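Read through the structure below, which is laid out as structure tokens, and then see the notes.
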Amino acid sequence: MSALGNPAVRLLAARSLRTHRKAWAAVFAAVVVTSALLGALALAIGSAGLGHARVERYAAAPVVVAGDQEISWTTDPWGSEPTTVSAGLTERVRIPSAAVDVLREVPGVRAAVPDDTFVVRESGTEPGTEPGKGTGKGTGTAAGGGGGAVYTGRSWEAAALAPYKLLDGREPRKAGEVVAGTGAGVRVGDTVAGRTVVGVADGPAAALYVTAQEARRLAGHPGAVDAVGILGEPGVPVDTLHARVRAALDGAGLKDTSVGQPLRALTGDGRGGAEHLAAPPARTELLQLLAAVSGTVLLIAVLVLSSLVAQALGQRGPERDLLLAVGATPRQVRAAAGREVTRVAGVAAVLGALAAVPTFLAAWSLLRARTGVVPEGLVLPTPPWLLASVLVVAAVVVGLARLVVLFSTRRAGRAGKGAARRVSGLVLLVLGAAAAVTATTQGGEAAGAAAGAATVTLVSGCALLGPWIARGAMRILDGPLRRLGGAPGRLTAAGATAHSRRLGAALVPVVLVTAFALVQLTAGSTMGRAAETQARSATTADLAVSGTTAERVRKLPGVTAATDVLRSTVVLARTEAGTPRLDRLPVLGVDADGLKGTLDPGVVAGDLAGLAARGTVAVGADMADSLEARPGSTVALRLGDGTEKRLRVVAVYERSLALGEFLLPKAELAPHMTDPYPARVLAATKDGATASGDPAVVPERVTTAAAELNGIVSAAVVTAIGALTVLSVLSTLALIGAGRRGELALLRQVGASVGQVRRMLGLEAGFLTVTGLLLGLVVAALPLTAFAWALTGGLPYLPPAQAALIAGTVVVTVAAGVFLPASGRRLRR
């Protein structure tokens, strides 16, 4: 008969569960929180995995022909098998206009409609406004001839792809006429963007429709179109139409105008990728971020559950020895413990799974509410069947708890010296230190990943070495406690020396919560502070305006220099530790002639004047070191639409945290942007005021939606895992307190007063707090220092308020965990 089916095992498990229900309460709470966190993350990963770009403008077109908005790179690193990596493109990859004629000849195609989107801006104030008067210094929206409303323009014939139908008026017939979306709040006869409204359609509020000829002129890329929508003949299945379109494209050998890749024929949800370019890359970044977060949460959960389950079982040593003495086998003891854990963790995991659903929905709604973080066109569905994933997570959590039981009871009845545990802990400490050292030689995400790995490894090493760390710390404090603490101090010292394993178990969660909170909060604060400092130093402009161009701003009285600032992305192909990767990085496009007095990247080699010529680039110092680039060498980059360029390095600058890793000439970047209009114009004036002295001028800094998303998710993770680790501290101390009630009762019986016992507990709480905070600080300091030195060249920074919050949380949690199980009533009784 198996151990699980043995009636004796069932009896032992049932009786033990009733006897030790208070000890299992701590494990129950931890499993509920763990299951809820992992379940919410599983739902988020599933929703992101099912995510797609919304289909709006092409809803009536069963097939859409467009360029491939994803770039691939294949290489064979270190002589291994060829590896292919991909990255999404954020700028439009256009297709040749010749594709329209080819597609119109495909059998079953009723119409092949070319589509171009472009930006239409309302005219603002004409040149002549003096800087600092009327609009005031700082960011303006109308100064210099810009500002006003911004519309998306298309040809009226492309409106049939939605379809958007006329509600009033007629279609446009000449250049000065438009049809406006019904949400724009205009009527036939009104003027919008200098054009007469001749019709109102049921399209988006910010849409303006013009004639096909005017659309081609305003789009500004003759010989190419954004996409082609295919309208099929009645009765032609989508699959058949797609196959015919695909065959026609392949037969014509048509390639896109940027990378030269075959054109794509999109159906279903894939059509949305041709509308919302930022949605597919954002979905990929969200998936990668959630996967990394889930790994961290899983590691923390394993540490927490291992500590709690091991502590709950470890307190029953005498009971276990008695069972073995009266004839129970080690296998039966393990089976009974496993049965107990399964019953406790099973119920708790189901409750956590139920809590995961509202947790996920609340987090998802908050994320969607943050404008600009998740692209508006990204759909993140949550079908009902996805909710079943939380049950899978609950089963995994229960399995983890059972696995801990196997390791905690594998040597039932035999006392070991812990040599393997000590060696494993020392090895983890060495590996953690090595990972921290590795972080100093890396940059960007690699440095952050190395620092994170170092933290987890060091904390795991401390968890294994907890008893020895506690014993060593107690040897240092033994003398002061005995001399200065009186009788409570001697009791504390004696108890700590006799129960170093128990003290080590209490230290581990304190170190964990301290180190994790320090690393997560300090890393973000260090990067943010360094970037803000660089941004203030780099932005030397007196005036920053939007909705206009540098050419118009230069005509304003008092302006001595002005530069357009274009924002786009580039893709850099490189290998890291033998692994190929494609990094999409934000970049700025600038006018070299207007940089003096407006933008100072902090050049350390070369001259930014070289950016006046196309085919050039300035590179950040850390990136230049990584690529072994210097003035005169070349760097291969893929611009936002995938076009590969070999650019000559003309300068190396140090303020890359604020301005990004690359600065390109405006003339080089603009032809490869979907909307080449400047994001801002920075201008210098005759009065010589600097941006650093004028808080109205917002410092120029490269920020991306991915960076903001990372910050939001990191804050949520710090809160969630912080709550889990705080619960771990409280639960572990409560378990220890419940297990030592006999010890406290004996102290009262031999004459110790309630006050003496309380002071003894206070000294223990102080010891745990101070030792845990110091050890957590040491564990976090090594990877944080390496991370900060690699990325900023300085030391890590944490705002005093956040440091006080961490210390205060640890103090309150430890005090509650030590004193609550030994309340005054229990001590007096």
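As the structure is a prediction and not an experimental result, all values here were calculated from the model.
- In terms of heavy-atom proximity, V55 sits nearest to G272 at CG2-N, 3.6 Å.
- For the residue pair G51 and L380, the shortest heavy atom distance occurs at CA-CD2, 4.3 Å.
- Partners of K666 by side chain to side chain contact (heavy atoms under 4.5 Å, CB included), not counting sequence neighbours, listed by chain and number: D564, L566, D591.
- Contact between D256 and P96 at its shortest, heavy atoms only, is CA-CD, 4.3 Å.
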### Task
Before giving the answer on side chain to side chain contact (heavy atoms under 4.5 Å, CB included), spell out for S47 and F360 the whole-Å C-alpha distance, their side-chain angles and the decisive distance to 0.1 Å.
CA-CA 10 Å; S47 180; F360 159 73; 4.1 Å; yes
All N/O donor-acceptor pairs, side-chain side in residues 381-397, below 3.5 Å, sequence neighbours left out:
| from | atom 1 | to | atom 2 | distance (Å) |
| --- | --- | --- | --- | --- |
| S389 | OG | L386 | O | 2.7 |

### Query
Please walk me through it: do R584 and E285 pass salt bridge (Lys or Arg N to Asp or Glu O under 4.0 Å)?
CA-CA 10 Å; R584 187 173 57 254; E285 290 167 352; 2.3 Å; yes
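- Of the candidates D641, V571, T643, V571 is the only one forming a side chain to side chain contact (heavy atoms under 4.5 Å, CB included) with L89.
- Within a 6.0 Å radius of CZ in R187, no more than 12 heavy atoms belonging to other residues, nucleotides or ligands are found.
- Under the rule for a side chain to side chain contact (heavy atoms under 4.5 Å, CB included), the partners of R283 that lie at least two apart in sequence or sit in another chain are L287, L378.
- Sorted pairs that involve residues 234-243 and meet salt bridge (charged side-chain N to carboxylate O under 4.0 Å, His left out), not counting sequence neighbours, are lacking altogether.
- A donor and an acceptor atom, one from each side chain of T196 and E177, are nowhere located under 3.5 Å apart.
- The side chain to side chain donor-acceptor pair (under 3.5 Å) check on R217 picks up E214, with sequence neighbours excluded.
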### Query
Can you list the steps and then say if R121 with D675 is a salt bridge (Lys or Arg N to Asp or Glu O under 4.0 Å)?
CA-CA 12 Å; R121 291 176 171 83; D675 179 19; 2.8 Å; yes
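- Between the CG atom in L249 and the CG atom in L103 there is a gap of 5.5 Å [rounded to 0.5 Å].
- Taking both residues in full, the closest heavy atoms of L647 and L664 are given as CD1-CD2, 4.0 Å, listed atom of the first, atom of the second, then distance.
- Judged by distance alone, with hydrogens and angles left aside, the side-chain atoms of S365 form a donor-acceptor pair with the main-chain N or O of L361 at under 3.5 Å.
- With rounding to the nearest 0.5 angstrom, the CG atom of L585 is 8.5 Å from the OG1 atom of T569.
- Considering only heavy atoms from C-beta on, R567 comes within 4.5 Å of L588 through its side chain.
- Proximity of W73 to R638: side-chain heavy atoms (C-beta onward) are separated by under 4.5 Å at one or more points.
- F662 is linked by a ring pair (Phe, Tyr, Trp, His ring centres under 6.0 Å) to nothing, counting only residues two or more places apart in sequence or in another chain.
- The neighbour count for E233 CD, taken as heavy atoms of other residues, nucleotides or ligands under 6.0 Å away, is above 12.
- The neighbour count for E171 CD, taken as heavy atoms of other residues, nucleotides or ligands under 6.0 Å away, is above 12.
- When all heavy atoms of S35 and A349 are compared, the closest pair comes out as OG-O, 2.9 Å.
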Under 3.5 Å, which donor-acceptor pairs do the side chains of residues 156-167 form with other protein atoms, sequence neighbours left out?
none

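- Taking the side chain to side chain contact (heavy atoms under 4.5 Å, CB included) definition, one finds that T191 meets it with nothing, sequence neighbours left out.
- At distances below 3.5 Å, not a single donor-acceptor pair connects side-chain atoms of Q69 with backbone N or O atoms of R92.
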### Verdict with reasoning, D583 to R574, per salt bridge (Lys or Arg N to Asp or Glu O under 4.0 Å)
CA-CA 8 Å; D583 295 326; R574 55 176 170 169; 3.0 Å; yes
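- One N or O on the side chain of S294 and one on the backbone of L290 form a donor-acceptor pair closer than 3.5 Å.
- Under the salt bridge (Lys or Arg N to Asp or Glu O under 4.0 Å) criterion, R646 pairs with no residue at all, not counting sequence neighbours.
- The two residues A61 and L231 come nearest to each other via the heavy atoms CA-CD2, 4.0 Å.
- Using a 4.5 Å cut-off on side-chain heavy atoms (C-beta onward), M673 and L669 make contact.
- Applying the side chain to side chain donor-acceptor pair (under 3.5 Å) test to H242 and every residue at least two apart in sequence or in another chain returns nothing.
- Between atom OG of residue S546 and atom CZ of residue R680 there is a gap of 8.0 Å, rounded to the nearest 0.5 Å.
- Between the T182 side chain and the D202 main chain, no donor and acceptor come within less than 3.5 Å of each other.
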Let me check something: any side-chain donor-acceptor pairs from residues 110-118 under 3.5 Å, sequence neighbours excluded? List them with distances.
| from | atom 1 | to | atom 2 | distance (Å) |
| --- | --- | --- | --- | --- |
| R110 | NE | G232 | O | 3.4 |
| D115 | OD1 | R154 | NE | 3.1 |
| D115 | OD1 | R154 | NH2 | 3.4 |
| D115 | OD2 | Y58 | OH | 2.6 |
| D115 | OD2 | R154 | NH2 | 3.3 |
| D116 | OD1 | H221 | NE2 | 3.3 |
| D116 | OD1 | D226 | N | 3.0 |
| T117 | OG1 | D226 | OD2 | 3.1 |

### Message
I'd like to know whether V179 forms a side chain to side chain contact (heavy atoms under 4.5 Å, CB included) with L208, so could you lay out the CA-CA distance, the side-chain angles of the two residues, the decisive distance to 0.1 Å, and finally the verdict.
### Response
CA-CA 6 Å; V179 171; L208 294 180; over 6 Å; no
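- In summary, the side chains of S72 and T84 do not present any donor paired with an acceptor at a separation below 3.5 Å, with no hydrogens or angles considered.
- Between V178 and P172 the shortest side-chain heavy-atom distance does not fall below 4.5 Å.
- Salt-bridge annotation for K645 and E668: present, with a side-chain N of the basic residue lying under 4.0 Å from a carboxylate O of the acidic one.
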### Message
Could you go through L663 and V587, starting from their C-alpha distance and side-chain angles, then the distance that decides it, and tell me whether this counts as side chain to side chain contact (heavy atoms under 4.5 Å, CB included)?
### Response
CA-CA 6 Å; L663 290 177; V587 296; over 6 Å; no
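- From L43, atom CG reaches atom OG1 of T359 across 9.5 Å, with rounding to the nearest 0.5 Å.
- Residues meeting the side chain to side chain contact (heavy atoms under 4.5 Å, CB included) test with R264, sequence neighbours left out: D68, L266.
- A salt bridge does not link D269 to R271: none of the charged side-chain nitrogens sits closer than 4.0 Å to a carboxylate oxygen.
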### Audit row: I95, L254, side chain to side chain contact (heavy atoms under 4.5 Å, CB included) steps and yes/no
CA-CA 8 Å; I95 64 177; L254 294 172; over 6 Å; no
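- When atom types are taken as modelled, the side chain of E91 and the backbone of T674 share a donor-acceptor pair closer than 3.5 angstrom.
- Looking only at distances, no side-chain donor or acceptor of R216 sits under 3.5 Å from a matching main-chain atom of S155.
- In this structure, E56 and E275 have side chains that are in contact, with non-hydrogen atoms separated by less than 4.5 Å.
- Within the 4.5 Å cutoff, the side chain of Q261 has no heavy atoms near those of the K255 side chain.
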